[in-house]
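Below: the structure, in structure tokens.
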Protein chains: 2
Amino acid sequence: MNPLTERLRGAGISPTRQRREIARALLARPVHMTAEQVLNAARVRAPEISRATVYNTLALFCAKGLLRELAVDRDRVVYDSGLHPHHHLIDIDSGEVRDLPAGPWPAIDPAQLPPGFELAGVEVIVRVRRR
Amino acid sequence: MNPLTERLRGAGISPTRQRREIARALLARPVHMTAEQVLNAARVRAPEISRATVYNTLALFCAKGLLRELAVDRDRVVYDSGLHPHHHLIDIDSGEVRDLPAGPWPAIDPAQLPPGFELAGVEVIVRVRRR
DNA sequence: GTTATTGCAAAGGCTTTGCATTACG
DNA sequence: CGTAATGCAAAGCCTTTGCAATAAC
């Protein structure tokens, strides 16, 4: 039926009304959104949704691999629904995030890691400012 | 005289007692420290130093280019006194930060940036976990 | 009917602010 | 002396938590 609902089910997540609205805002296409933006977007169709539910759901989606959390800087966190390997270009003044193809940087060779560690992820952030 | 004091002067920073203690903790060698760690370290020799002063001073040192602020994740920020180009390896469980040589990643070609933007910095974070 | 999910409001943690006091040149 | 820096406590912001009400299966 609804592909988003199926995606939630596939990830082992009960597709409640609130979660479906959050998924609609976030998972329909690759986007970068703050928690507040997600709340506002979800409230368009589900006005009663609470901050707590948004935060719970964002953490749940991250844990299930539907989202990535991206620490833009000390006080900006965005949730990224682009699942393909990619990096980020960030306007340091506005906080706007844009995707970069993962191409320019080689993958990490796991053998180069310190002994006893395994790779959990690589994050590349290119910060720019308007000239 | 004192090389750290001279460095502060060279950066256009009045070397007050508190700032000298913060510089001693942070700038004497390349380290990664949280604001709280800086406060504790500075209080060893300047017990009256306040959180507000530490935060003010960290922001000042960053603005003057003596430090870089590194957003490890949503709730971990460290200040990095390593000034040479380098990237970071982070234990996602402990938050421990280690430097990586900048080598494996080529420098960004400024011509590749979107028009109207200039490069402000590149951050590479390799996240690992204990196996 | 049970169990999971939600909403609310309060609590939390870290950072910033306002302002009087103190140190500095 | 005049300006800049500091300390304190309060305020802020975003996020999490506790718990009763609600919805899902």
Side-chain angles (χ1 to χ4, degrees), chain A residues 1-2 4-6 8-9 11-26 32-64 66-67 69-79 95, chain B residues 1-2 4-6 8-9 11-26 32-64 66-67 69-79 95:
Chain A
M1 244 335 43
N2 180 336
L4 282 177
T5 303
E6 291 318 306
L8 294 183
R9 285 220 172 82
I13 297 172
S14 319
T16 64
R17 168 168 165 66
Q18 292 85 340
R19 287 167 178 174
R20 272 184 276 116
E21 288 311 324
I22 292 171
R24 178 199 303 274
L26 215 35
H32 308 99
M33 297 177 79
T34 64
E36 195 68 18
Q37 289 171 331
V38 173
L39 177 63
N40 291 331
R43 279 189 167 163
V44 171
R45 300 168 125 257
E48 77 294 354
I49 197 171
S50 74
R51 261 182 193 76
T53 298
V54 169
Y55 280 106
N56 286 343
T57 303
L58 290 173
L60 179 65
F61 284 9
C62 285
K64 297 297 189 179
L66 300 179
L67 280 181
E69 187 180 276
L70 173 65
V72 171
D73 62 29
R74 194 223 316 280
D75 32 36
R76 275 192 282 229
V77 176
V78 300
Y79 294 86
Chain B
M1 242 341 31
N2 180 336
L4 282 178
T5 302
E6 291 317 306
L8 294 184
R9 286 219 172 82
I13 297 173
S14 318
T16 64
R17 171 168 163 64
Q18 291 87 341
R19 287 169 177 173
R20 271 184 277 117
E21 287 314 322
I22 292 171
R24 179 198 305 275
L26 215 36
H32 308 101
M33 298 177 78
T34 63
E36 196 68 19
Q37 289 171 330
V38 172
L39 177 64
N40 291 332
R43 279 190 167 161
V44 171
R45 302 169 124 253
E48 77 294 354
I49 197 170
S50 74
R51 262 184 190 75
T53 298
V54 169
Y55 281 105
N56 285 343
T57 302
L58 291 173
L60 179 66
F61 284 9
C62 285
K64 297 297 189 178
L66 300 178
L67 282 181
E69 186 181 276
L70 175 65
V72 170
D73 62 29
R74 195 224 311 281
D75 32 36
R76 276 192 281 229
V77 175
V78 301
Y79 293 87

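Letters go in sequence order (proteins before strands), and every chain restarts at 1. Remember, predicted model here, so these are calculated numbers, not experimental data. Excluded from the calculations below are hydrogen atoms, water molecules and symmetry mates; all remaining heavy atoms, backbone and side chain alike, are included.
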Query raised in the report: Atom CD of B:E21 and atom C1' of D:dG7: how far apart are they, to the nearest Å?
Result: 17 Å

Query - Under 4.0 angstrom between B:Q18 side-chain N/O and C:dA23 OP1 or OP2 - result: no

Please output the side-chain donor-acceptor pairs of residues 53-62 of chain B that fall under 3.5 Å, not counting sequence neighbours, one pair per line with the distance.
| residue | atom | partner | partner atom | Å |
| --- | --- | --- | --- | --- |
| B:T53 | OG1 | B:S50 | OG | 3.2 |
| B:N56 | ND2 | B:A52 | O | 3.4 |
| B:T57 | OG1 | B:T53 | O | 2.7 |

Query raised in the report: From A:Y79 OH over to A:I22 CD1, what is the distance, rounded to the nearest 0.5 angstrom?
Result: 11.0 Å

Report task. Report the distance from atom CD of B:E48 to atom P of D:dA5, rounded to the nearest whole Å. Result -> 17 Å

**Report entry** Atom-pair distance (CD on B:E69; C1' on C:dC14), nearest Å
**Finding:** 13 Å

Query raised in the report: Going from CZ on A:R24 to CG on A:N2, what distance comes out if it is rounded to the nearest 0.5 angstrom?
Result: 7.0 Å

Query raised in the report: To the nearest angstrom, how far is B:L60 atom CG from D:dA4 atom P?
Result: 13 Å

Report task. Rounded to the nearest angstrom, tell me the gap between atom CD1 in B:I13 and atom C1' in C:dC24. Result -> 16 Å

Query - Phosphate-side-chain proximity, A:T53 and C:dT6, N/O vs OP1/OP2 below 4.0 Å - result: no

Query - Between P of C:dT17 and CG of B:N56, the distance in whole Å - result: 9 Å

Report summary line: Value for CZ (A:R19) from CG (A:L8), rounded to nearest 0.5 Å, stands at 8.5 Å

Report summary line: Heavy atoms of B:Q37 and B:H32 approach each other most closely as OE1-O, 4.0 Å

Report summary line: Per-residue pairing states of DNA chain D in dot-bracket (Watson-Crick or G-U under 3.5 Å; . unpaired, | other strand) read |||||||||||||||||||||||||

**Report entry** OG1-CD distance between A:T16 and A:E21, expressed to the nearest 0.5 angstrom
**Finding:** 9.5 Å

Report task. Find the distance A:D73:CG to C:dT16:P and express it as a whole number of Å. Result -> 11 Å

Query raised in the report: Sequence neighbours excluded, which residues qualify as side-chain hydrogen bond (donor to acceptor under 3.5 Å, both in side chains) partners of B:R20?
Result: none

Donor-acceptor pairs under 3.5 angstrom involving side-chain atoms of residues 39-47 of chain A: please list them, not counting sequence neighbours.
| residue | atom | partner | partner atom | Å |
| --- | --- | --- | --- | --- |
| A:N40 | ND2 | A:E36 | O | 3.3 |
| A:R43 | NE | A:I49 | O | 2.9 |
| A:R43 | NH2 | A:I49 | O | 2.8 |

Mind listing the N/O atom pairs, protein and nucleotides 22-25 of chain D, below 3.5 Å?
none

Between the protein and nucleotides 9-15 of chain D, list every N/O to N/O distance that falls short of 3.5 Å.
| residue | atom | partner | partner atom | Å |
| --- | --- | --- | --- | --- |
| D:dT15 | OP2 | A:Y55 | OH | 2.1 |
| D:dT15 | O5' | A:Y55 | OH | 3.2 |

